[in-house]
Amino acid sequence: MTELDCSPYSARLLELAARLPRVPRRDLHGFLAAARTAADALPAPLAGTLDDFRADGNRNGYLLLRGLPVEEDDALPRTPDSTPAPVDRPLLNQEAMLAIVGRRLGLHTGYRELRSATVYHDVYPSPGAHYLSSETSETLLEFHTEMAYHVRQPNYVLLACSRADHERTAATLVGSIRKALPLLPDAVRDRLFDRPLPCCVDVAFRGGADDPGALANVKPLYGDARDPFLGYDRELLAPRDAADIEAVTVLSKALDEVREAVYLVPGDLLVVDNFRTTHARTPFVPRWDGKDRWLHRVYIRTARNGQMSGGERAGDVVDFVPRR
């Protein structure tokens, strides 16, 4: 299953959201602990869908939950224009959904160097944003596996929509390795499997340097050769050997061929399998009127692929450890 209509469960979901603390950022660990309890009480069809996705994902590499509770647009605050969010900002419905759904999947995680080490991220257009930033709007945010260069790479990226862009033209693009793999010649699979390639890192992880070069090594394909995980970033992966460059180019084209466009509208929550996909966002034109596109993002870690060492809690913040 790739898409689930959650509107039949709206009343129950609002009831579960009402059990959560009203100001989540004052005690995020406590808030997410309450969300874990709420996650155990999700309607059975939704709980089962999330459990199945957590167990083995799906061919498309994402799960789209539609019809979740969201405020009427006039009841929402203005779309943010700065980060992080104020500590005393009251809980929004889509933030509650991110808490409960996320706790069914794993542990919410913040990254020390990213977004002031916060766990909840507002995603909104910002004038003059760096081209690698999610705050871009009028340029394509290229395909990337989120933090593929980080030892503690999140297993899932969750995006919940409170406001769509005005024209509703912004698409989240998802390319799944399970769909792209059959398009790769055996020689390309063999070349890229379990082969560390130089990879640069996002601006937040560069320690203030403009261009520190490739700080990490990323394996484009790894795990089970018949059903591999994916590590891919169109802007940051920096192979040097001619054969590696050619193999990555073939992989890139295959991911383009299988990509799917997801247009998020208010009440949508997109769960991206960050070990089996790469994702992007198409351009859109903001109006700077306080009603521009507003998503909420969290990263979820699990025990998969050595993301945890034991004793972690939902809401923990981790330091940068580059893949070698």
Side-chain angles (χ1 to χ4, degrees), residues 1-10 12-13 16-17 32 35-69 94-109 144-148 152-161 172-181 222-224 226-232 255 258-265 267-280 295-308 312 314:
M1 178 183 293
T2 300
E3 183 174 321
L4 179 67
D5 178 12
C6 298
S7 57
Y9 321 123
S10 182
R12 177 60 173 163
L13 293 172
L16 294 176
L32 293 173
R36 173 65 259 189
T37 301
D40 289 336
L42 281 169
L46 175 53
T49 298
L50 291 170
D51 292 348
D52 289 346
F53 190 75
R54 180 184 60 196
D56 194 39
N58 60 30
R59 185 169 180 267
N60 293 320
Y62 70 88
L63 175 63
L64 179 59
L65 306 179
R66 311 213 91 146
L68 294 170
Q94 284 292 75
E95 292 177 323
M97 296 303 101
L98 283 179
I100 298 170
V101 169
R103 290 298 285 119
R104 190 84 191 190
L105 294 169
L107 300 182
H108 296 66
T109 300
H144 60 287
T145 303
E146 201 82 22
M147 288 181 267
R152 299 186 177 96
Q153 171 189 344
N155 194 161
Y156 304 108
V157 179
L158 273 57
L159 296 168
C161 181
T172 300
L173 307 177
V174 183
S176 167
I177 190 58
R178 282 178 164 164
K179 295 172 69 175
L181 192 68
Y222 62 101
D224 181 345
R226 297 164 299 177
D227 185 20
F229 298 118
L230 175 70
Y232 176 80
L255 291 166
V258 302
R259 72 185 186 188
E260 292 189 44
V262 180
Y263 294 87
L264 296 175
V265 300
D268 283 354
L269 193 161
L270 178 65
V271 182
V272 177
D273 184 343
N274 196 47
F275 281 149
R276 296 196 187 275
T277 67
T278 186
H279 66 280
L295 306 185
H296 313 275
R297 180 180 65 197
V298 295
Y299 298 126
I300 303 294
R301 285 191 299 154
T302 67
R304 193 172 280 123
N305 289 343
Q307 291 174 288
M308 299 184 190
E312 290 90 348

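Just the heavy atoms: all of them, side chains too, but no hydrogens, waters or symmetry mates, feed the values below. As the structure is a prediction and not an experimental result, all values here were calculated from the model.
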Write down the atom of [X], the atom of [Y], and the distance for their closest heavy-atom approach.
X: L13; Y: P43; value: CD2-CD, 4.2 Å
X: L65; Y: C6; value: CB-SG, 4.0 Å
X: M97; Y: A17; value: CE-CB, 4.0 Å
X: P45; Y: L4; value: O-CD2, 4.3 Å
X: S176; Y: V258; value: O-CG2, 3.8 Å
X: V271; Y: V101; value: CG2-CG1, 4.5 Å

**Message:** salt bridge (Lys or Arg N to Asp or Glu O under 4.0 Å) for D40 and R103? Distances and angles first, verdict last.
**Reply:** CA-CA 9 Å; D40 289 336; R103 290 298 285 119; over 6 Å; no
Is there a side-chain contact between [X] and [Y] (heavy atoms, below 4.5 Å)?
X: H108; Y: I300; value: yes
X: Y9; Y: L42; value: no
X: T277; Y: Y62; value: no
X: H279; Y: L270; value: no
X: R276; Y: L230; value: no
X: M308; Y: L107; value: yes

Within the distance-only criterion (no hydrogens, no angle test), does the side chain of [X] pair as donor or acceptor with the backbone N or O of [Y] below 3.5 angstrom?
X: D224; Y: R226; value: yes
X: T145; Y: Y232; value: yes
X: D268; Y: V265; value: yes
X: T278; Y: G175; value: no
X: N274; Y: V157; value: no
X: Q153; Y: Q307; value: no
X: R54; Y: R104; value: yes

How long is the span from the [atom1] atom in [X] to the [atom2] atom in [Y], to the nearest 0.5 Å?
X: M1; Y: L64; atom1: CE; atom2: CG; answer: 11.5 Å
X: D52; Y: N58; atom1: CG; atom2: CG; answer: 10.0 Å
X: Q94; Y: L159; atom1: CD; atom2: CG; answer: 11.0 Å
X: T109; Y: R301; atom1: OG1; atom2: CZ; answer: 4.0 Å
X: R304; Y: N155; atom1: CZ; atom2: CG; answer: 5.0 Å
X: L32; Y: L98; atom1: CG; atom2: CG; answer: 10.5 Å

**Asked** Can Y299 and R297 be said to form a side-chain hydrogen bond (donor to acceptor under 3.5 Å, both in side chains), step by step?
**Response** CA-CA 7 Å; Y299 298 126; R297 180 180 65 197; 3.2 Å; yes
**Request:** Run the numbers on L105 and T302 for side chain to side chain contact (heavy atoms under 4.5 Å, CB included), then give the verdict.
**Result:** CA-CA 8 Å; L105 294 169; T302 67; 5.7 Å; no
**Request:** Would you please classify the geometry between the Y222 ring and the F229 ring as parallel, tilted or perpendicular, with 30° and 60° separating the classes?
**Result:** tilted
